[in-house]
There are 2 protein chains.
Amino acid sequence: MTSPLAFNAPLLEQGHPCADCAVRLLAICGALNNDELGELKQSGANVAFAAGDTITYEGDVATHVYNLTSGTLRLSKLLPDGRRQIAGFLFPGDFLGITMEDEHAFTVEAIGPATLCRFARSRFDGFVEAHPYLERRLYALAAHELAAARQQLVLLGRKTAAERVASFLLMLADRYESTLDALSARDVILPMSRSDIADYLGLRIETVSRELTALKASRLIQLTTTHNIRLLDRERLELMAEG
Amino acid sequence: MTSPLAFNAPLLEQGHPCADCAVRLLAICGALNNDELGELKQSGANVAFAAGDTITYEGDVATHVYNLTSGTLRLSKLLPDGRRQIAGFLFPGDFLGITMEDEHAFTVEAIGPATLCRFARSRFDGFVEAHPYLERRLYALAAHELAAARQQLVLLGRKTAAERVASFLLMLADRYESTLDALSARDVILPMSRSDIADYLGLRIETVSRELTALKASRLIQLTTTHNIRLLDRERLELMAEG
DNA sequence: CGAGCGATTGATCGCCATCAAAGTGGGTGG
DNA sequence: CCACCCACTTTGATGGCGATCAATCGCTCG
């Protein structure tokens with residue numbers, strides 16, 4: 001899971017190809033000025049995916065990098081017998097393609113309809129080389145993702161089911177909080193299914209469901225709909241998340 | 001867990017401060033020529049730690065970066081009630097300091113006696129800025145660590161105790177295999193205690209011990225000493241590691 | 001209105017944790 | 001040099017959390 005790490009950037013003139021991009025100030029584009037953005041855009045293309053579509057397969061050659069402009073993605077890995085672990089979710093503004101390997105280490109799928117800004121890896125690499133601060137930005141993104149992944153190691157290695165679910169809700173809330181178009185940090189939208197949550201938290205869907213029910217019974221959350229949760233007592237939720 | 005990612009580099013003249021460094025070709029130093037290495041070395045200092053010493057505390061301000069020259073380190077994080085998760089181990093040649101945050105996210109401790117090459121973060125950052133390919137190298141390191149951490153997520157989220165222990169032994173073997181001074185990929189040295197292994201694998205020490213005993217009984221490994229294991233059937237071990 | 005899928009709730013099972021005790025080995029002091 | 005000590009490891013007995021198996025609910029869409 002990543003945070004948008006928003007940047008300040010000047011407004012674009014009308015007609016610029018990125019002028020109406022919702023995530024222009026996030027991810028890597030926020031570090032670029034108009035001219036650079038135009039230059040980069042020339043080698044990019046908008047691509048759309050439907051719910052459930054696969055963007056990249058684990059093991060495939062990594063020919064492109066992407067910026068997620070709308071929707072939510074999941075990064076997952078399968079064991080031979082079908083057990084699945086979701087390594088993280090990507091939200092609008094997130095960059096997809098931090099790797100030095102030739103092959104994708106994870107399968108990336110669209111949870112709902114999603115649009116991405118795609119660049120050929122070769123051209124992107126060349127562009128990065130010509131813009132050193134982009135390199136630094138990519139490094140910062142990688143370092144940030146690394147910290148998040150290691151935090152998730154603590155969750156998977158040592159937390160109870162209740163702690164995992166509480167942590168997950170707070171993570172999502174923080175994520176929305178740091179995003180520009182957040183309604184409120186209290187109202188968390190879960191774009192993913194219970195199955196996705198379970199595979200992210202190292203649990204089964206029944207356990208996720210039970211823990212959510214328990215949180216509701218304790219008046220810590222309110223299940224507005226299946227995919228909308230209101231945090232009623234953030235403080236107690238934080239205590240619960242950390243054991 | 002990281003791999004050394006060795007580089008080719010010219011021999012140093014006698015008297016160079018890094019001439020007798022065992023890990024000069026690994027980590028980030030391998031990407032530098034003599035003059036650059038000398039320049040970097042001027043701002044660095046060798047520091048030694050004893051078994052159990054803490055190099056950095058979780059939450060402390062990150063004032064330095066390090067290159068591990070000898071020994072093994074563990075990166076760990078504690079929950080308020082004392083539960084511990086080890087996020088990874090560092091081996092000679094590994095770089096310590098991939099972060100964009102001001103504070104250390106993890107506690108780093110020496111498992112046995114260890115020596116490190118230390119640099120003030122401010123000076124190191126300046127040096128990196130002046131040497132763009134170092135920046136790229138750091139990015140590659142971060143990407144590599146990220147891939148390793150995400151692989152560990154699969155282990156912690158979805159693997160059984162037996163699979164975790166088998167995976168761990170193979171990871172260590174791969175690690176030694178890619179290191180120059182490896183005796184043989186069959187003979188794995190475990191510098192860390194059973195407690196460290198358990199906290200890395202999300203298990204208890206009793207379970208680690210039991211699984212090692214079981215592997216021995218199945219003739220998959222041989223416990224030369226408590227901290228030396230010989231892999232007798234790598235193929236079956238690999239099957240076991242992946243479920 | 002009915003079909004079908006995802007989510008919830010309930011009952012039972014099993015893996016690994018926990019509690020407990022014995023074994024082992026390395027280091028120190030007599 | 002040896003005996004003791006202490007920490008680490010191994011082995012054994014039992015228990016609990018979350019998985020598994022199973023049934024029902026409820027929403028969405030034809």
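Naming: A, B, ... by sequence-line order, numbering from 1 per chain.
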- request: Figure out the CG/P separation between A:L201 and D:dA19, and round it to whole Å.
  value: 10 Å

field: Residues A:T115, A:N46; criterion side-chain contact (heavy atoms from CB on, under 4.5 Å); working and verdict
entry: CA-CA 7 Å; A:T115 57; A:N46 281 305; 5.8 Å; no

- line: Looking only at heavy atoms, the pair that brings B:Y200 and B:Q152 closest together is O-NE2, 3.1 Å

message: For B:T224, give me all partners under side chain to side chain contact (heavy atoms under 4.5 Å, CB included), at least two apart in sequence or on another chain.
response: B:N228, B:R230

- request: Could you list where the contact with chain B starts and ends along DNA chain C, reading 5' to 3', using a 4.0 Å heavy-atom cut-off?
  value: C:dC16 to C:dC19

task: Select from A:M192 and A:R158 the residue whose nearest nucleotide in DNA chain C is closer to the 5' end of that strand.
output: A:M192

Without placing hydrogens or testing angles, list every side-chain donor-acceptor pair under 3.5 Å for residues 202-221 of chain B, not counting sequence neighbours.
residue, atom, partner, partner atom, Å
B:T213, OG1, B:S209, O, 2.9
B:S218, OG, B:A214, O, 2.8

query: What string of B, S and - do you get for nucleotides 10-15 of chain D, 5' to 3', if B is base contact, S is sugar-phosphate-only contact and - is no contact with any protein heavy atom under 4.0 Å?
result: BBBB--

Only distances under 3.5 Å count here; give the side-chain donor-acceptor pairs of residues 103-114 of chain A to other protein atoms, sequence neighbours excluded, each with its distance to 0.1 Å.
residue, atom, partner, partner atom, Å
A:T107, OG1, A:E58, N, 3.1
A:E109, OE1, A:R74, NE, 2.9

query: When the C1' atoms of the five terminal pairs at each end define the local axes, what inter-axis angle does the helix from C:dC1-D:dG30 to C:dG30-D:dC1 show, to 10 degrees?
result: 30°

task: Just jot down the side chain to side chain contact (heavy atoms under 4.5 Å, CB included) partners of A:T160, sequence neighbours excluded, or say none.
output: A:A162, A:E163, B:R83

- request: Tell me, yes or no, whether the heavy-atom count around B:D81 atom CG, taken from other residues, nucleotides or ligands under 6.0 Å, exceeds 12.
  value: yes

- prompt: How do B:S195 and A:L203 order along DNA chain D: which one's closest nucleotide is nearer the 5' end?
  reply: B:S195

query: For B:R158, which residues count as a salt bridge (charged side-chain N to carboxylate O under 4.0 Å, His left out) partner, sequence neighbours excluded?
result: A:D199

Qualifying side-chain hydrogen bond (donor to acceptor under 3.5 Å, both in side chains) pairs with a residue from residues 232-243 of chain A, counting only residues at least two apart or across chains: A:K159-A:E242, A:D174-A:R234, A:D233-A:R236, A:R234-A:E238

- line: In terms of heavy-atom contacts, A:T69 and A:P92 come closest through O-CB, 3.8 Å

